[in-house]
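The chains referred to below are lettered A, B, ... by the order of the sequence lines, with proteins before strands, and numbering in each begins at 1. Since the structure is predicted, the reported quantities are computational estimates derived from the model, not experimental observations.
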Amino acid sequence: MTTSARGFAPLRLLDRAVERLEQGILVGGILAMALLNIANVISRNLLGGSMSFAEEANQGLIVLVTFMGLGYGVRRARHIRMSAFYDQLRGRARKALMTGIAAGTAALLLLLAWFAVVHVQQLYQSGTVTPALRVPVYLIQLSVPVGLLLGAAQYLLTVWRNLTTEGTWLSFTEPDVYHEAEPESASC
Amino acid sequence: MLILVVTVMLVLLALGFPMMVPLAGAALALLFGFFSGIQPALLVQQMVGGVQPVVLTAVPMFILAADIMTKGHTANRLLDLVDTFVRHLRGGLPITTAASCTLFGAVSGSTQATVVAMGAPLRPRLLKAGYRDSFVMALIINSSDIALLIPPSIGMIIYGVVAGVSVGELFIAGIGPGLLVLALFSLYCWMAARRQNIPREPRAGWGDRLRALRSASLPLGFPVIVVGGIYSGYFSPTEAAAVSVLYALILEVGVFRAVRLSEIPGIALSTGLITSVVFILVAAGAAFSWMISFAGIPDMVLGDFIQAAGDSPWLALAVICLAYFVGCMFVDPIVVILVLTPIFAPLIAASGLDPVHVGTLVVMQAAIGSATPPFGCDIFTAIAIFRRPYLDVIRGTPPFIAILAVATMLLIAFPSIALFLPNLLY
C-alpha cells in the first residue's frame, strides 16, 4: 500500500474483506467445477451413468465465477480494453480519461445491476427451481446483481482514488505505471 | 438505428472503455432508443443465458490445465523432444520453435501461455545462433497463434457456442489448417536460414533422442486425451477438458513434482480471474447479439448481399474472412467473434457453406489478425514479455502475414484441408 492510501484506511479494510471473499469464490468455484467434471467423467465411464445434477451445478458455478469475479477483475485492472488512444495521452488528460472511463463503466454496471435485481425478483416470484437439485433459481442468480454491484463499487473506488490521489490509477489499488518497453515511451 | 449502434460501439471502444461496455452499451442504446416496450430485465436474462451452455465449462478447465502446466515442466519436455529431432536441419532452430509452439498449443490452447512458455527459452538461443531479432519475435508470435487452430482452442469453443456449431467437430477440423500453417512456416524458416546464412546445429544422437522421447512421453498424453478422446467419441469437449485437468495434476504434482499442492489455489485464482474476464464479455456479447437480432440489424448490414451469397459462396467466404481479419487487427479476437458471428449468421445460412469450414476460417483470421499491426493483441503480449519497442516487434511480421494469407486462400479453395478429418468421423 502506498503512503497516499492512508486516508482510505477504514474503506481499505472493508475492501480487503470483500477482496478475500471474491478470491475465495473464484478459487472455490474453479476447483469445484474441476472436481465436479472429473467426478462426472469417472462416473459416466466407469459407473455407467452421468451425475444428473452435473449440468445444472456447472451452470450455477459458471454464473457465480463470471459475475462474482467481475469486481476482482477491476481490482487487478485485467478487463480487456483497447487502450491505443488512452496510451497516447499523458498526465492530466490521461487521468481525466481514466476517471471518465471508470465513472461511465460504474454507471452502466449500476444500471445493469438494477435490471438484474428486477430479474431476480421475477425469478423469486415465479418460484422456479432447478430440475435435479430443486434449488430455487433466484438463489443461484443472486450472484448476478451482487457481482455487478461489486464491479460498480470497484469502478467508483477507482474514480475516488483518481480524484483524491496524485497520478493515474487503473483501479483503487493499481497505479498506472508507464512500461519502459511501450512504444510511446520513446516520445516522452 | 444502425448508425446509433455503430457510433455507440466505436466511440466507447476507441475511448478505451472495458470491452463489456461497448457491447452492453450498444444493446442498451437500442433497447431505450427503439424498443422501450421490452423489459430491460430480459437483457440480464440473456447475459446469464449466454454463459450457461455446458460446453463453455471446457474453457476454465482448459485454462486451469494450461496454468498448471505452465508452472510445471511440460513445456520444456516438449521443447527438448522437438529440438533433438529437428535442430540439425537447415533452419532447424526456428523450425523447432514453430513446431514446439504447435505442440504446446495442443496441450494448452492459449496463445499467450505459448508465447511465454516457448518464447522465453527459445529467443536467446535463436539470437545466439545469429537470427535477426525482428525475425525471431515475429516467428514466436505467429507460431504461438497456431495454438488457436490446434485443439484445444478457446477461440473455437466460443465460436462453436455463438454460432451453434459442434465444438468437437471444430476441434478436429482445426488440425489440418494448423499443420498446414506449421509446414509453410517451416519452409519460410528454411529459406530465412539460407538467406541469413546461419550454420546448422549439430545433430542430436539417438541416445539423446530416446531420452527426450521418454521424458516427453507423459506430456504427449494430452493431445491423445483431447484429440483422441474427442475423435473417438469417447469424450465430449467438456469431459476432455476435465480429464486434462486431472492429467495435468497427476503429471505436474504427482509425477514430476514441479508444482506443489499448496500452489493449486493460487493457480485456480488466476484461472478464475481470466475466466471471469472472458465470460463477462460472452455475457455482454449474448445480450448484444440478442438485441441486434431482434432489431434485424444483420439484414440491414448485409441486406441484398445475403441473397447474392447463395449464388457465390466464394465471395461470402472472402467477405467473412476480411471482416474477421480486420476486426482482430484492432480488437481482441473473442470480442470480434462475439460481435461478428451473429451478424454473419444469416449470410452463412443462406450461402449453404459448411459452418465447420467457416469456423476454421474465422479462427484462422483471428490468429492472423491478432498478430497484425496496428493493434493485434499478441503484439502487445510480445512487447510485455520481450521488453522490446513496438516497431522492433512488428518489423518481421509481414512475411508471416503473407504466409497466413496464402494459407487462408488454400483453405478457401480446398475446404477438405479442414473437413477431411471431421468428415471421416461425423
Side-chain angles (χ1 to χ4, degrees), chain A residues 23 25-31 33-34 36-38 40-41 44-45 55 58-59 61-63 65-70 72-74 76 78-87 97-98 100-101 104-105 108 111-112 114-116 118-119 122 141 144-145 151 179-186, chain B residues 12-21 24-25 28 39-45 47-48 51-52 54 56-57 60-61 64 234-235 238-239 241-243 245-246 264-265 268-269 271-277 279-283 330-332 334-335 374-375 383-384 386-391:
Chain A
Q23 286 176 332
I25 288 175
L26 286 179
V27 172
I30 292 293
L31 291 181
M33 221 184 283
L36 176 72
N37 284 292
I38 291 169
N40 194 35
V41 177
R44 189 177 73 88
N45 287 293
E55 182 171 332
N58 263 326
Q59 289 174 334
L61 287 169
I62 278 279
V63 172
V65 167
T66 303
F67 289 92
M68 291 305 286
L70 177 59
Y72 191 67
V74 184
R76 294 276 158 273
R78 288 290 290 276
H79 284 290
I80 302 168
R81 60 197 198 94
M82 196 179 81
S83 59
F85 173 66
Y86 170 87
D87 286 342
L97 180 59
M98 190 67 235
I101 288 173
T105 311
L108 178 95
L111 190 63
L112 286 175
W114 169 242
F115 298 155
V118 175
H119 171 64
Q122 288 169 348
Q141 300 203 3
V144 180
H179 278 292
E180 207 181 291
E182 268 177 13
E184 59 283 351
S185 63
Chain B
L12 293 174
L13 197 69
L15 282 174
F17 276 87
M19 298 274 185
M20 65 189 141
V21 179
L28 281 172
Q39 275 193 37
L42 277 176
L43 271 189
V44 176
Q45 193 187 338
M47 289 177 75
V48 176
V51 294
Q52 284 192 324
V54 170
L56 279 180
T57 317
M61 294 299 97
L64 180 61
Y234 202 72
F235 293 141
T238 315
E239 290 178 325
V243 177
V245 172
L246 181 64
I264 297 296
L269 179 62
T271 303
L273 175 59
I274 300 172
T275 304
S276 169
V277 164
F279 279 18
I280 201 72
L281 293 179
V282 175
F330 293 91
V331 188
D332 191 87
I334 289 171
V335 178
F375 304 125
I383 288 171
F386 302 138
R387 307 212 141 266
R388 299 293 307 156
Y390 179 79
L391 284 176

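- For V65(A), the parts lying under 4.5 angstrom from a heavy atom of chain B are both the backbone and the side chain.
- Using a 4.5 Å heavy-atom threshold, the side chains of V54(B) and Q59(A) count as touching.
- Heavy atoms closer than 4.5 Å to chain B are found in the side chain of Q141(A), but not in its backbone.
- A donor atom on one side chain and an acceptor atom on the other are found under 3.5 Å apart for Q122(A) and Q39(B).
- Considering every non-hydrogen atom in both I101(A) and F17(B), the closest pair reads O-CE2, 3.3 Å.
- Closest approach of M33(A) and P60(B) over heavy atoms only: SD-CG, 3.7 Å.
- No other option in V243(B), I334(B), V51(B) has as many heavy-atom pairs under 4.5 Å with chain A as V51(B).
- Contact annotation for L15(B): both backbone and side-chain heavy atoms come within less than 4.5 Å of a heavy atom of chain A.
- Annotation: the span from N37(A) atom CG to T57(B) atom OG1 amounts to 6.0 Å, rounded to 0.5 Å.
- For CZ of R44(A), the number of neighbouring non-hydrogen atoms (other residues, nucleotides, ligands) closer than 6.0 Å is greater than 12.
- The CE atom of M82(A) sits 11.5 Å away from atom CG of L12(B), with the distance rounded to the nearest 0.5 Å.
- One finds the CG atom of L28(B) at 5.5 Å from the CG atom of L112(A) (value rounded to the nearest 0.5 Å).
- When the candidates D332(B), I264(B), T238(B), V245(B) are compared by the number of heavy-atom contacts under 4.5 Å with chain A, D332(B) comes out ahead.
- Between H79(A) and I280(B) there is a side-chain heavy-atom pair separated by less than 4.5 Å.
- Residue I80(A) touches chain B through both its backbone and its side chain, counting heavy-atom pairs closer than 4.5 Å.
- For the pair V74(A)/P18(B), no side-chain contact is recorded, criterion being any heavy-atom separation below 4.5 Å from C-beta on.
- Only the side chain of L111(A) comes within less than 4.5 Å of a heavy atom of chain B; its backbone N, CA, C and O stay farther away.
- Using a 4.5 Å heavy-atom cutoff, the side chains of V63(A) and Q52(B) are in contact.
- Here the side chains of L43(B) and H119(A) are not in contact, with every heavy-atom distance at 4.5 Å or above.
- In this structure, no portion of L42(B) lies under 4.5 Å from any heavy atom of chain A.
- The minimum heavy-atom distance between G73(A) and L273(B), with the atom names listed, is CA-CD1, 3.5 Å.
- Looking at I274(B), the atoms closer than 4.5 Å to chain A (heavy atoms on both sides) all sit in the side chain, from C-beta outward.
- Both the backbone and the side chain of M19(B) come within less than 4.5 Å of a heavy atom in chain A.
- Residue contact with chain B, scored on non-hydrogen atoms closer than 4.5 Å, involves the side chain of L108(A) exclusively.
- Rounded to the nearest 0.5 Å, atoms OG1 (T105(A)) and CE (M20(B)) are 6.5 Å apart.
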